[in-house]
Enquirer: 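Before anything else, here's the structure in question.
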Amino acid sequence: MKGHCHCNAVHWESDAQAAWSCYCHCSDCRRNCAAPVTAFFGLPHEAVRWLGQAPKIYRSSEGVERLFCGNCGTQMAYRTARDKVNIHLYTATLANPGTLPPQFHVFHADHLPWLNLEDKLPRYAKTAG
Ligand SMILES: [Zn+2]
Ligand SMILES: [Zn+2]
């Protein structure tokens with residue numbers, strides 16, 4: 001699978017399968033992506049190849065790095081010292097985002113009250129554990 005930012009300067013690709021795919025309702029992702037909810041999925045850190053312009057890195061909190069395109073500002077990925085296995089890539093950066101539906105919600109306790117998603121997926125108040 002592969003993905004890219006809005007201006008096409010930053011690309012990534014991987015031969016791995018997504019470890020999981022979910023919605024995140026946390027306030028950090030919401031503000032960082034300027035979107036009411038985001039979706040991301042896990043791929044092993046070493047299985048992701050970055051192509052084109054290297055993503056810029058924003059340290060949004062202790063041990064957390066958010067990767068984005070320095071040209072157009074598209075948020076690309078999230079990585080945390082707490083997850084040594086996977087980098088979390090934003091589903092919307094995929095070439096074909098429709099092929100990787102979320103399987104559950106995390107940080108649902110922080111979801112916006114006016115956001116009504118009518119799926120029957122599991123909703124975790126914080127992380128999925
Ligand atoms: Zn870009
Ligand atoms: Zn989040």
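Start at 1 and go down the list; that is how both ligands and their atoms are numbered. The first residue of the sequence shown is numbered 1, and numbering continues consecutively from there.
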Enquirer: Could you please give the number of protein N/O/S atoms within less than 2.8 Å of the Zn ion (ligand 2)?
Expert: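 With waters ignored, the protein N/O/S count below 2.8 Å is 3.
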Enquirer: Is there a donor-acceptor pair under 3.5 Å between the side chain of T74 and the backbone N or O of H6?
Expert: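 Indeed, once roles are kept as given, a pair shorter than 3.5 Å links the two residues.
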Enquirer: Which atom pairs, one a donor and one an acceptor, fall under 3.5 Å between side chains of residues 47-54 and the rest of the protein, sequence neighbours left out?
Expert:
{"unit_1": "R49", "atom_1": "NE", "unit_2": "E13", "atom_2": "OE2", "d": "3.2"}
{"unit_1": "R49", "atom_1": "NH2", "unit_2": "E13", "atom_2": "OE2", "d": "3.2"}

Enquirer: Under the 3.5 angstrom rule, does the side chain of T91 hit a backbone N or O of P97 as a donor-acceptor pair?
Expert: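 Checked: no pair found.
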Enquirer: Residues sharing Y78's hydrophobic cluster, by side-chain heavy-atom contacts under 4.5 Å among ILVMFWY, directly or via others?
Expert: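 Besides Y78, the cluster holds W20, F40, V64, Y90, F104, V106, F107, Y124.
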Enquirer: Where is the tightest heavy-atom contact between H45 and N86, given as atom of each residue plus distance?
Expert: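 Closest approach of H45 to N86: NE2-O, 3.1 Å.
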Enquirer: If Ile, Leu, Val, Met, Phe, Trp and Tyr residues are connected whenever their side-chain heavy atoms lie under 4.5 Å apart, and connections chain through other members, are L43 and F68 in the same group?
Expert: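 No, L43 and F68 fall in different hydrophobic clusters.
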Enquirer: Keeping to distances under 2.8 Å, can you name the protein N/O/S atoms close to the Zn ion (ligand 1)?
Expert: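 Listed by chain and number, the nearby protein N, O or S atoms are C5 SG, C7 SG, C69 SG, C72 SG.
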Enquirer: Of all the heavy-atom pairs spanning C26 and D110, show the shortest one and how long it is.
Expert: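 In terms of heavy atoms, the two residues are closest at CA-OD2, 4.0 Å.
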Enquirer: In a check of side-chain hydrogen bond (donor to acceptor under 3.5 Å, both in side chains) between H25 and each of H105, H111, R123, which one passes?
Expert: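 For H25, the side-chain hydrogen bond (donor to acceptor under 3.5 Å, both in side chains) check succeeds only for H105.
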Enquirer: I'd like to know if the side chain of D83 reaches the main chain of V85, judged simply by a donor and an acceptor atom lying under 3.5 Å from each other, with no hydrogens or angles considered.
Expert: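 Checking the backbone N and O of V85 against the side chain of D83, a donor-acceptor pair under 3.5 Å is found.
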